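What follows is a single structure, written as structure tokens, with notes after it.
Keep in mind it's a predicted model, so treat the numbers as computed, not measured. Hydrogens, waters and symmetry mates play no part in the numbers below; they use all other heavy atoms, side chains included.
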Amino acid sequence: MTKVIINTDGGSQPNPGVGAWAAVLRYGEHTKELSGGELYTTNNRMELMAAIEALSTLKRRSEVELHTDSQYVKNGITTWIAGWKRNNWKRMERGKPKPVKNEDLWRRLDELCTKHDVDWAWVRGHAGHTDNERCDELCNEVIGRLTANSTKAERQAAKDAADF
């Protein structure tokens, strides 16, 4: 089975605001960088999108070592998701059931994880991990480009259309 090492990052400036995701995939001597963004989103959505987009690029079942600097993503996919699914995508907040935030993305990520053998690892962000730092650079480039190439009215329209 193919072994792929993936590093991901995501963020928005401000939060919520203009956002970006990035991934660095390594397979043997091959490296692939991916990035993208949205005019209005959240840090958590971009962290999830980084993992989703990276796993979506894999053409065949792979053994994946996926590194994220998001405890939200790592804990969500390895621990919390089982309870969410068992409780019909509900979480408890102050003793009351509430919809899982970012359910659409969690469902996509969960589906992708059934297609690969994914081992999730948390890395501390901004701690000198080369591929995590590269992902951060890619995110900042995308946020800069999206901000420079959009108007305040376009960003406001994206905010008004957001459904998260």
Side-chain angles (χ1 to χ4, degrees), residues 6-24 34-58 64-129 131-133 135-144 146-147 150-164:
I6 299 174
N7 283 269
T8 64
D9 195 15
S12 65
Q13 296 176 6
N15 185 30
V18 177
W21 58 267
V24 175
L34 308 170
S35 61
E38 298 179 21
L39 289 179
Y40 189 77
T41 190
T42 65
N43 285 342
N44 285 342
R45 288 187 70 80
M46 292 295 92
E47 294 281 5
L48 285 162
M49 283 303 299
I52 289 166
E53 293 292 343
L55 291 171
S56 293
T57 66
L58 302 178
V64 178
E65 186 178 307
L66 199 149
H67 300 258
T68 176
D69 63 5
S70 170
Q71 290 280 0
Y72 172 71
V73 172
K74 182 186 179 293
N75 291 337
I77 199 65
T78 62
T79 305
W80 307 331
I81 200 166
W84 295 337
K85 289 165 51 172
R86 193 172 46 250
N87 295 320
N88 197 28
W89 293 94
K90 300 283 188 245
R91 61 185 172 82
M92 295 303 288
E93 185 177 300
R94 296 186 184 114
K96 296 181 182 177
K98 300 283 184 180
V100 170
K101 292 179 181 176
N102 304 311
E103 177 184 342
D104 58 328
L105 300 182
W106 285 114
R107 285 179 180 266
R108 287 173 62 188
L109 185 58
D110 186 41
E111 174 64 24
L112 287 164
C113 287
T114 66
K115 298 177 181 180
H116 305 285
D117 296 333
V118 184
D119 182 31
W120 293 86
W122 179 77
V123 296
R124 183 173 303 281
H126 310 287
H129 186 281
D131 285 345
N132 179 262
E133 295 291 341
C135 287
D136 187 62
E137 289 171 7
L138 290 167
C139 284
N140 287 327
E141 289 172 11
V142 170
I143 289 171
L146 285 173
T147 302
S150 63
T151 65
K152 188 173 182 180
E154 288 170 325
R155 291 189 297 276
Q156 184 62 48
K159 179 179 181 179
D160 293 345
D163 63 354
F164 52 84

Can you confirm whether [X] sits close enough to [Y] that some side-chain heavy atom of one is under 4.5 Å from a side-chain heavy atom of the other?
{"X": "Thr8", "Y": "Leu66", "answer": "yes"}
{"X": "Arg91", "Y": "Pro97", "answer": "no"}
{"X": "Asn140", "Y": "Gln13", "answer": "yes"}
{"X": "Ser12", "Y": "Val18", "answer": "no"}
{"X": "Trp80", "Y": "Val100", "answer": "no"}
{"X": "Gln156", "Y": "Asp160", "answer": "yes"}
{"X": "Ile81", "Y": "Trp89", "answer": "yes"}

Provide the closest heavy-atom pair for [X] versus [Y] in the form atom of the first, atom of the second, distance.
{"X": "Cys113", "Y": "Trp120", "value": "SG-CZ2, 3.7 Å"}
{"X": "Gly37", "Y": "Trp21", "value": "N-NE1, 3.8 Å"}
{"X": "Ala22", "Y": "Ala50", "value": "O-CB, 3.4 Å"}

How many angstroms lie between [atom1] in [X] and [atom2] in [Y], if you round to the nearest 0.5 Å?
{"X": "Gln71", "Y": "Thr78", "atom1": "CD", "atom2": "OG1", "result": "9.0 Å"}
{"X": "Asn44", "Y": "Leu48", "atom1": "CG", "atom2": "CG", "result": "6.5 Å"}
{"X": "Thr42", "Y": "Met49", "atom1": "OG1", "atom2": "CE", "result": "11.5 Å"}
{"X": "Asp9", "Y": "Cys139", "atom1": "CG", "atom2": "SG", "result": "4.5 Å"}
{"X": "Lys90", "Y": "Trp84", "atom1": "NZ", "atom2": "CH2", "result": "13.0 Å"}
{"X": "Ser35", "Y": "Ile143", "atom1": "OG", "atom2": "CD1", "result": "10.5 Å"}

Could you point out which residue of Val118, Val24, Thr57, Leu55 forms a side-chain contact (heavy atoms from CB on, under 4.5 Å) with Ile6? Leu55
Listing, residues 101-110 side-chain donor-acceptor contacts under 3.5 Å, not counting sequence neighbours, or none:
residue	atom	partner	partner atom	Å
Asn102	OD1	Arg45	NH1	2.9
Asn102	ND2	Tyr72	OH	2.8
Glu103	OE2	Arg107	NE	2.7
Glu103	OE2	Arg107	NH2	2.9
Asp104	OD1	Arg45	NH1	3.1
Asp104	OD2	Arg45	NH2	2.9
Trp106	NE1	Tyr72	OH	3.2
Trp106	NE1	Lys101	O	3.4
Asp110	OD1	Lys85	NZ	3.4
Asp110	OD2	Lys85	NZ	2.9

Which residues share a ring pair (Phe, Tyr, Trp, His ring centres under 6.0 Å) with His67, sequence neighbours left out: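 Ring pair (Phe, Tyr, Trp, His ring centres under 6.0 Å) list for His67, sorted by chain: His129.
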Please check: side-chain N/O of Thr114 versus main-chain N/O of Glu111, any donor-acceptor pairing under 3.5 Å? yes
Do we see a donor-acceptor contact under 3.5 Å between the side chains of Asn43 and Glu47?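 No.
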Donor-acceptor contacts under 3.5 Å from residues 121-128 side chains, at least two apart:
residue	atom	partner	partner atom	Å
Trp122	NE1	Asp69	O	3.2

